[in-house]
Amino acid sequence: MTRQIRTSPAACDQSLHQAYDTALLDLDGVVYAGGRAIGHAVESLAAARADGMHLAYVTNNALRTPEAVAEHLGELGIPTEAAEVITSAQAVARLIAEQVEPGSKVLVIGGEGLRVALRERGLEPVESADEEGLAAVVQGYGGPDLAWGRFAEASYAINRGVPWYASNTDLTIPGARGIAPGNGAAVEVVRIATGAEPQVAGKPLPPMHRETVLRTGAKRPLVVGDRLDTDIEGAFNGEVDSLLVLTGVTDAEQLLRAEPRHRPTYVDRDLRGLLAGQPEVVPAAEGFRCGGWTAVALNSGVLELSEADEQDGTGGQDPAGRAGLDPLDGLRALCAAAWTAGAEGVCTLDAAKALARLGFQ
């Protein structure tokens with residue numbers, strides 16, 4: 001069966017935390033950045049939980065154990081049990097355990113999260129490519145202090161024919177000081193040295209979605225993330241709805257250029273979006289309207305944005321009137337115009353002026 005192509009953000013009459021039973025939340029760029037809570041995250045999550053929504057934290061970051069992540073969230077004011085944290089380390093450990101003998105030795109290139117996850121699956125983490133009977137190499141994010149020699153150790157084993165696994169391939173990771181190289185960048189280093197391809201478990205691939213469903217038991221989940229190529233694509237692959245928040249690596253221009261598998265169900269500024277419904281985006285004349293904004297794809301190759309009263313010549317000059325409009329509604333209208341124009345591909349129309357008007361550039 002052919003999946004319908006999304007050409008507009010969806011509407012939701014209910015608050016999202018009431019429409020879905022479980023929020024599957026990414027961490028970096030959604031709940032925190034560089035160890036510090038992102039604005040409005042703590043109170044929004046507390047309100048959603050108090051009203052009955054289950055919260056699960058699903059991260060491609062394999063560095064820390066679920067216990068360490070839960071402790072950190074608690075320090076930020078978000079009470080969390082370790083069982084509510086699902087990591088790509090757990091997903092890749094299950095993947096390896098299904099393909100090797102119990103008790104097998106696995107060379108670890110990464111942090112403690114990988115070692116704990118492997119032991120949970122009855123596997124033995126080791127540090128040297130020269131270990132006798134080595135069954136696999138697993139690579140996960142090891143933090144900024146991971147020694148360069150660890151990549152060489154992985155390469156030695158892989159070049160001898162040992163199967164290679166990666167927790168995830170996120171090229172970047174957001175932090176307090178900006179965007180830094182992620183595990184995907186480290187995977188590229190080993191790929192160059194070996195010419196091999198790893199089996200990957202993390203978002204957006206099925207092993208991570210399966211791990212999440214098995215551990216949470218969610219019936220109507222909502223994936224909440226900041227990355228189009230992991231969080232949103234993972235939701236697409238799992239055929240569940242998604243909410244993109246603009247607190248991490250994805251900016252408005254990237255959102256407009258999203259291909260079908262990267263188009264979220266909903267878009268909001270931050271986690272306050274969990275506590276609200278989502279407005280309808282409707283066809284209007286030759287474009288799309290959301291709130292007081294209308295977006296049109298022009299034949300000149302430009303995405304044009306206008307206020308409703310500009311179209312009938314009655315307004316648009318009063319700054320106070322413009323201040324009353326929600327820029328996010330303008331972005332949603334632009335998404336509909338861009339995704340419709342892009343259809344099964346990527347929209348290439350120029351949206352710079354429209355985004356600047358909304359304050360997104």
Side-chain angles (χ1 to χ4, degrees), residues 26-30 32-34 57-64 69 86-96 106-114 117 136-155 157-159 162-209 211-212 223 225-238 242 244 247-251 254-255 257-259 261-262:
D26 184 44
L27 287 171
D28 293 297
V30 175
Y32 55 63
Y57 301 95
V58 185
T59 177
N60 265 358
N61 190 332
L63 177 61
R64 296 188 293 172
V69 173
I86 301 96
T87 74
S88 63
Q90 294 171 318
V92 76
R94 187 188 296 270
L95 183 63
I96 296 170
V106 180
L107 174 61
V108 175
I109 311 299
E112 186 63 16
L114 279 176
V137 177
V138 63
Q139 186 172 359
Y141 182 64
D145 297 325
L146 184 66
W148 186 262
R150 299 307 295 159
F151 305 142
E153 203 69 25
S155 300
I158 295 165
N159 281 327
V162 178
W164 179 27
Y165 299 80
S167 64
N168 67 298
T169 53
D170 298 35
L171 290 173
T172 61
I173 186 169
R177 297 173 60 195
I179 303 299
N183 190 54
V187 166
E188 286 299 314
V189 171
V190 177
R191 181 185 281 118
I192 291 168
T194 63
E197 290 291 334
Q199 292 188 54
V200 183
K203 297 180 284 186
L205 298 173
M208 189 66 170
H209 181 71
E211 191 73 22
T212 300
V223 170
D226 69 309
R227 301 184 71 106
L228 300 180
D229 59 350
T230 54
D231 305 314
I232 306 308
E233 185 177 342
F236 176 87
N237 291 338
S242 60
L244 178 80
T247 49
V249 301
T250 299
D251 60 28
Q254 292 169 329
L255 177 61
R257 296 184 183 278
E259 58 185 288
R261 60 183 176 164
H262 293 165

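Quick note: numbers below take in every heavy atom, side chains included, and nothing from hydrogens, waters or symmetry partners.
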**Asked** Where the side chain of D231 meets the backbone of D226, is there a donor-acceptor pair that is under 3.5 Å apart?
**Response** yes
**Message:** If the condition is salt bridge (charged side-chain N to carboxylate O under 4.0 Å, His left out), which residues does D26 pass it with, not counting sequence neighbours?
**Reply:** K203
**Request:** Please tell me if the side chains of V92 and L114 come closer than 4.5 Å, counting only heavy atoms from C-beta onward.
**Result:** yes
**Request:** Work out which heavy atom in A154 is nearest to a heavy atom in L107; give both atom names and the distance.
**Result:** CA-CD2, 4.1 Å
**Request:** Would you give the length of the straight line joining atom OG1 of T59 to atom CD1 of I173, rounded to the nearest 0.5 angstrom?
**Result:** 7.0 Å
**Shortest non-hydrogen contact between G29 and T247, atoms and distance** = O-OG1, 2.7 Å
**Item:** Set of ring-ring contact (aromatic ring centres under 6.0 Å, His included) partners for F151, sequence neighbours left out
**Value:** W148
**Listed partners of P198 passing side chain to side chain contact (heavy atoms under 4.5 Å, CB included), at least two apart** = W164, A166, V187, R191, V200
**Interatomic spacing from NE2 in H262 to CD1 in I232 - rounded to 0.5 Å** = 9.5 Å
**Complete:** Closest non-hydrogen contact found for P204 with G234 is CB-N, 3.2 Å
**Asked** Passes side chain to side chain contact (heavy atoms under 4.5 Å, CB included), V108 versus V138? Steps please.
**Response** CA-CA 5 Å; V108 175; V138 63; 4.2 Å; yes
**Prompt:** Taking all atoms of both residues into account, what is the closest heavy-atom pair of T194 and N159, and its distance?
**Reply:** CA-OD1, 3.4 Å
**Fill in**
Closest non-hydrogen atoms of N168 and S88, given as atom of the first, atom of the second and distance, are OD1-OG, 4.1 Å
**Item:** Residues that R261 engages under salt bridge (charged side-chain N to carboxylate O under 4.0 Å, His left out), provided they are two or more places apart
**Value:** E233, E259
**Message:** Which heavy atom of A89 sits nearest to which heavy atom of G113, and what is that distance?
**Reply:** CB-O, 3.6 Å
**Request:** Starting at CZ of R64, measure out to CG of L27 and round the result to the nearest 0.5 Å.
**Result:** 8.0 Å
**Message:** Return the OG1 to CE distance between T212 and M208, rounded to the nearest 0.5 Å.
**Reply:** 5.0 Å
**Q139 (side chain) donor-acceptor with A186 (main chain) under 3.5 angstrom** = yes
**Asked** salt bridge (charged side-chain N to carboxylate O under 4.0 Å, His left out) with D28: which residues, sequence neighbours excluded?
**Response** none
**Asked** ring-ring contact (aromatic ring centres under 6.0 Å, His included) with Y32: which residues, sequence neighbours excluded?
**Response** H72
**Asked** Atom CG in L228, atom OG1 in T250: separation rounded to 0.5 Å?
**Response** 3.5 Å
**Prompt:** What do the steps show when you test T172 against R227 for side chain to side chain donor-acceptor pair (under 3.5 Å), and what is the final call?
**Reply:** CA-CA 10 Å; T172 61; R227 301 184 71 106; 3.2 Å; yes
**Message:** Can you tell me how far apart CG (L95) and OG (S167) are? Round to the nearest 0.5 Å.
**Reply:** 11.5 Å
